[in-house]
Protein chains: 2
Amino acid sequence: MEVIKIILVDDHTLFRDGIKSILDDEEHISVIEEAADAQMLFDKLQNQHPDMVITDISLPDMTGIEIASKINKLYPDIKILILSMHNNEEFILSALKAGANGYLSKDIESAELLEAIHSVMNGKIYFNKEISQTIINNYRGGDHVDSKSSANINLTDREIEVVKLVGEGFINKEIADKLCISIRTVDAHKSHIMQKLGLKSTVDLVKYAIKNKLIDL
Amino acid sequence: MEVIKIILVDDHTLFRDGIKSILDDEEHISVIEEAADAQMLFDKLQNQHPDMVITDISLPDMTGIEIASKINKLYPDIKILILSMHNNEEFILSALKAGANGYLSKDIESAELLEAIHSVMNGKIYFNKEISQTIINNYRGGDHVDSKSSANINLTDREIEVVKLVGEGFINKEIADKLCISIRTVDAHKSHIMQKLGLKSTVDLVKYAIKNKLIDL
DNA sequence: AAATCAAATAGGTAAATTACCTAAATGAAT
DNA sequence: ATTCATTTAGGTAATTTACCTATTTGATTT
């Protein structure tokens, strides 16, 4: 069996070290590089050719989903395993769409990480939760995603703009001024958004924006 | 040198496994137990007697600060090392006040974790950032803290109640009804809070509540 | 080409909500 | 005894939102 070459991406050094320590015990796995953010990762990918990139879902400069999408475009043969703190189904589907080969919660045991790595190297797709192959087939091979269409698949560009501004604390009038539209239009956008997402208040919108990383906390 | 017995506490199994893998390579360190939450930890502490508890700052049922405070009260000889995702100075001071012996960001390298463990076992206090011994002396030995007085040291009980409700999406009238006070009183509380914290809008209050874990996202 | 539909745009008015002024009661601290 | 923070509110003006309807535009379908 060939040695599986891996690049680890996570902004928390201790977490990287932990994973590295687990993987270093494996004969057939070699962590050839580490990166703390997407910038470092893509720098290293210009000279190094790993079999797999294991990345955290949230990095300082890019989300794991965006990274997956970019890797999938630039280096389609590199497998991508995404690690996440939370089991957000929305993110899981976005990850699939972005071309990730696996999505794991950090709640898993190290044995499952190893199993996931080997499954993915054997051409499988690995998720902690059972997602039917049909769904997978529907989502894979689609066009590439960017941050806007990933988690916020239901919202239009304009609506996302509005959600962001709401999340940043601007009131309708201020948003109207910023976007050079009428207050009523902002009002209408907010109504549409809340209806689409099943939200009830501006505070819900703010939380949605935070959850979906449209704004920073 | 005696073997240092450690209990690891973190709700993410993979992270625990990673740390365990790092520590297992050390001769003088033994991870005798693991716990995913505070409940499990205190259950195990009834039968096990570690030298040190290493805990994440945020757990499902309790904060690391609260855990430190409780351990300090029940088992004052057990050393406490808190791991955190963020370098929030407010939390660092709260941790000190709660009796923690060290506070580390997850950004550190594994070597620094080992250094911190040994420092703490030798009676020192270990922090990634330089905090002067004077501050440490001022804060240590003080009374024990609970969640309310830790991160929200400037806010009164009533104000925290209000911030929580604002964060949960209730408007002033609803908050007034819930607390059985006048809308004006809620209004006044909000004004005071915003002035104290230097915030400008209800949205800022929501973010404050999330940041300081007064509400869940 | 015509019809249909989603998306983005607003106006008007009533209703809801907040902002800001002041101020009193209470209890703790100096 | 006095000062001070905390909690409590009333009144009014100003702001802000909610909800109704409705037009334009571009894309898709028939």
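Order of the sequence lines sets the chain letters (A, B, ...), proteins ahead of strands, with each chain counted from 1.
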| message | Rounding to an integer number of Å, can you tell me how far A:D157 CG sits from C:dA6 P? | response | 18 Å

| field | Residues which pass side-chain contact (heavy atoms from CB on, under 4.5 Å) with A:L114, listed by chain and number, not counting sequence neighbours | value | A:L23, A:E26, A:I29

| field | C:dT17 phosphate, OP1 or OP2, under 4.0 Å from B:K190 side-chain N/O | value | no

| Does OP1 or OP2 of D:dT8 have a side-chain N or O of B:H189 closer than 4.0 Å? | yes

| query | Does A:T156 make a side-chain N or O approach to OP1 or OP2 of C:dA8 shorter than 4.0 Å? | reply | yes

| query | Which atom names give the shortest non-hydrogen contact between A:L155 and A:K196, and what distance separates them? | reply | CD2-CD, 3.9 Å

| said: Whole angstroms only, please: what is the NE2-P distance between B:H192 and D:dC4? | reply: 16 Å

| field | Any residue of residues 166-188 of chain B with a heavy atom less than 4.0 Å from an atom of DNA chain C | value | B:I171, B:N172, B:R184, B:D187

| message | For B:S191, give me all partners under side-chain contact (heavy atoms from CB on, under 4.5 Å), at least two apart in sequence or on another chain. | response | B:D187

| request: Given side chain to side chain contact (heavy atoms under 4.5 Å, CB included), test B:I4 with B:H118 step by step and report yes or no. | output: CA-CA 9 Å; B:I4 303 169; B:H118 287 111; 3.8 Å; yes

| query | Between atom NZ in B:K196 and atom C1' in D:dC4, what is the gap in whole Å? | reply | 13 Å

| Starting at CD of B:Q195 and ending at C1' of D:dT6, how long is that distance when rounded to a whole Å? | 14 Å

| note | Taken in chain and number order and not counting sequence neighbours, the residues that satisfy side-chain contact (heavy atoms from CB on, under 4.5 Å) with B:R158 are B:T156, B:E161, B:L179, B:I181, B:H189

| task | Report the distance from atom CG of B:L83 to atom CD1 of B:I54, rounding to the nearest 0.5 Å. | result | 6.5 Å

Using residues 163-176 of chain A as the side-chain source, report each donor-acceptor pair under 3.5 Å to any protein atom, sequence neighbours left out, with the distance given to one decimal.
unit_1 : atom_1 : unit_2 : atom_2 : d
A:N172 : OD1    : A:K190 : NZ     : 2.9
A:K173 : NZ     : A:D177 : OD2    : 3.3
A:E174 : OE1    : A:I171 : N      : 3.0

| request: With axes from five pairs an end, tell me the bend angle of the helix from C:dA1-D:dT30 to C:dA29-D:dT2, nearest 10°. | output: 40°

| message | With salt bridge (charged side-chain N to carboxylate O under 4.0 Å, His left out) as the rule and sequence neighbours excluded, what pairs involving residues 48-61 of chain A come up? | response | A:D56-A:K106

Using atom names, set out every protein N or O paired with an N or O of nucleotides 24-26 of chain D below 3.5 Å, distance rounded to 0.1 Å.
none

| task | Specify the separation, in whole Å, of atom CD of B:E161 and atom P of D:dT6. | result | 15 Å

Indicate every side-chain donor-acceptor pair of residues 36-46 of chain A with a distance under 3.5 Å to a residue at least two apart or in another chain.
unit_1 : atom_1 : unit_2 : atom_2 : d
A:D37  : OD1    : A:Q39  : N      : 3.3
A:D37  : OD1    : A:M40  : N      : 2.9
A:Q39  : NE2    : A:D43  : OD1    : 3.3
A:K44  : NZ     : A:E33  : OE1    : 3.1
A:K44  : NZ     : A:E34  : O      : 2.9

| For B:S110, all residues meeting side-chain hydrogen bond (donor to acceptor under 3.5 Å, both in side chains), sequence neighbours excluded | A:D17

| remark: Between A:L59 and A:D10 the two heavy atoms that sit nearest each other are CD2-CA, 3.9 Å

| task | Quickly work out the A:I193 CD1 to C:dA7 C1' distance and round it to whole Å. | result | 12 Å

| request: Rounded to the nearest angstrom, tell me the gap between atom NZ in A:K200 and atom C1' in D:dA18. | output: 16 Å

